[in-house]
Amino acid sequence: MIPKRPPLTSVVQEAISRFIEQQCGIRLGPEKGYLVEHRLVPVLQHFQLTSFEALRDRLMDKQDHEMRDRVLEAITTHETAFFRDRHPFEALRQVVLPQAAKRWQATRASLGRAAGPIRIWCAACSSGQEPWSMAMAILEWLPLCGVPGLAAGDFHILATDLSARILEQAKRGAYTETEISRGLTPGQVARFLTRPVGAKALQEVRPELRSMVEFRRVNMQEPFRTQGFFDLILCRNVLIYFADPFKRQICESFHAMLHPGAYLMLGAAESLFDISESFATERHGDTLLYRRP
Ligand SMILES: C[S@@+](CC[C@H](N)C(=O)[O-])C[C@H]1O[C@@H](n2cnc3c(N)ncnc32)[C@H](O)[C@@H]1O
């Protein structure tokens, strides 16, 4: 019989938290004891364990990937929305996309042939609303941008996350009415979503969006510079969970992966203050953009 709420001692909490931080960078200090307990009780129940000590011991068994993934899944927050915060997408249309398009044109002119795609990376994409919003914003912007020859096929959005489960959901691109109503206008719903035959509750993204986005599992706690070079990196609402040394390490890699003049966008509550001085900060309305000089 599993007790409803087995006790979590500070020693065991520290061991579990240390393991989580080593695996994915999420820092859970002693003050987060309640959160750890609350989120991990369902994991205990799933594995029919009677104590947090037993959970810790299974976590320490490096072969137990199922346990590790369940724990990380339980601890991470996947909160997201279409066009989250709205104002960053204005900065995208007014500043980031026009500058990326200029770079694309200059490369094409110097090569004398088609340039490679404009690359955008959503580095913690959760259930996909962020990369799909990005693709929608690009498709809305393209007819107005006045750049001859630039088309949807010249954009590539890489969308990554730690969680394989949430990535499956993102890739499916199917959303409930509640999720859709959080951020999409009726015009965007009509243009970019479609109701699959027989589906009452869900609408899914149209193929023109799918062809722009690629999903991959990337844990930022592991080396990730092999993902290549980008015109824009979005890393929104995830750095807040990490300790400063880890934030510094990640931002240093982002800096190395951006083309000169390209941008990094963080979440509305995040900043590079005390984290990196390598970027030039630009304010556009309510949005802070970090540019690689
Ligand atoms: C709160 S969501 C943010 C989603 C989206 N960027 C937004 O702002 O709406 C945070 C996401 O970060 C992911 N995450 C946490 N640690 C990570 C890591 N080490 N590497 C990659 N993704 C991570 C989680 O799985 C979760 O989906």
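Read the numbers this way: they start at 1 and go in the same order the structure lists the ligands and their atoms. Worth saying up front: this structure is predicted, and the values here are computed from it rather than measured. For reference, positions follow the sequence shown, starting with 1.
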Notebook entry, point to check: Does an N or O anywhere in F242 fall below 3.5 Å from an N or O of ligand 1?
Noted result: no
Checklist line | atom 7 (C) of ligand 1: nearest protein contact (heavy atom, Å) | finding: R84 NH1, 3.2 Å
Notebook entry, point to check: Is H78 close to ligand 1, meaning an N/O of one under 3.5 Å from an N/O of the other?
Noted result: yes
Next item on the list: For N219, take its heavy atoms, then give the atoms of ligand 1 lying under 4.0 Å from any of them.
Entry: 18 (C), 19 (N), 20 (N)
Check: Is it true that R165 and E66 have a side-chain N and a carboxylate O under 4.0 angstrom from each other?
Finding: no
Notebook entry, point to check: Is G25 close to ligand 1, meaning an N/O of one under 3.5 Å from an N/O of the other?
Noted result: no
Next item on the list: Measure across E130 and C122 and return the closest heavy-atom pair with its distance rounded to 0.1 Å.
Entry: OE1-CB, 3.6 Å
Checklist line | Contact list for residues 21-31, test side-chain hydrogen bond (donor to acceptor under 3.5 Å, both in side chains), sequence neighbours left out | finding: E21-R27
Notebook entry, point to check: Nearest to atom 10 (C) of ligand 1, what protein heavy atom do you find, and at what distance?
Noted result: T77 O, 3.3 Å
Check: Can you check whether Y241 has an N/O within less than 3.5 Å of an N/O in ligand 1?
Finding: no
Checklist line | Atom CD of Q63: over 12 foreign heavy atoms under 6.0 Å | finding: no
Next item on the list: Distance to 0.1 Å, residue and atom name: give those for the protein heavy atom nearest to atom 4 (C) of ligand 1.
Entry: A124 O, 3.3 Å
Check: Are the side chain of R39 and the backbone of V71 linked by a donor-acceptor contact shorter than 3.5 Å?
Finding: no
Notebook entry, point to check: What do you reckon, does V218 put a non-hydrogen atom under 4.0 Å from ligand 1?
Noted result: yes
Next item on the list: Around atom 23 (C) of ligand 1, find the nearest protein heavy atom and jot down its residue, atom name and distance.
Entry: L162 CB, 3.5 Å
Note to self: Which of the numbered atoms in ligand 1 are under 4.0 angstrom from any heavy atom belonging to M220?
What the structure shows: 18 (C), 19 (N), 20 (N), 21 (C)
Next item on the list: Among all protein heavy atoms, pick out the one at the shortest distance from atom 9 (O) of ligand 1; state its residue, atom name and that distance to 0.1 Å.
Entry: T80 OG1, 2.6 Å
Next item on the list: Return the residue, atom name and 0.1 Å-rounded distance of the protein heavy atom closest to atom 3 (C) of ligand 1.
Entry: R236 O, 3.6 Å
Notebook entry, point to check: So among R103, R119, H156, which one has a side chain to side chain donor-acceptor pair (under 3.5 Å) with D231?
Noted result: R103
Note to self: For a salt bridge (charged side-chain N to carboxylate O under 4.0 Å, His left out) check, start with the C-alpha distance between E90 and R93, then their side-chain angles and the critical distance, and finish with the verdict.
What the structure shows: CA-CA 5 Å; E90 272 317 304; R93 290 183 187 106; 2.9 Å; yes
Margin query: Is the shortest side-chain heavy-atom distance between V36 and F52 below 4.5 Å?
Written below: no
Next item on the list: Give the numbers and elements of all ligand 1 atoms closer than 4.0 Å to a heavy atom of S126.
Entry: 4 (C), 27 (O)
Check: T176 versus L202: any side-chain heavy-atom pair under 4.5 Å?
Finding: yes
Check: How far is atom 24 (C) of ligand 1 from its nearest protein heavy atom, and which residue and atom name does that atom have?
Finding: D161 OD1, 3.5 Å
Margin query: For ligand 1, which is the ligand I care about here, please tell me if A123 has any N or O atom under 3.5 Å from one of the ligand's N or O atoms.
Written below: no
Note to self: Considering only residues two or more places apart or on different chains, which pairs with a residue in residues 281-293 satisfy side-chain hydrogen bond (donor to acceptor under 3.5 Å, both in side chains)?
What the structure shows: H87-T287, Y263-E282, E282-H284, E282-R291
Checklist line | Close-contact set for ligand 1 against E130 heavy atoms, below 4.0 Å | finding: 5 (C), 6 (N), 7 (C), 8 (O)
Next item on the list: Answer yes or no: does atom CD of E222 have more than 12 heavy-atom neighbours from other residues, nucleotides or ligands under 6.0 Å?
Entry: yes
Note to self: Could you identify the single nearest non-hydrogen protein atom to atom 15 (C) of ligand 1 and state the distance to 0.1 Å?
What the structure shows: V238 CG2, 3.6 Å
Notebook entry, point to check: Can E14 and R18 be counted as an ion pair, charged N to O under 4.0 angstrom?
Noted result: yes
Item checked: Residue N237 vicinity, atoms of ligand 1 by number, heavy atom under 4.0 Å -> 1 (C), 3 (C), 7 (C), 8 (O), 10 (C)
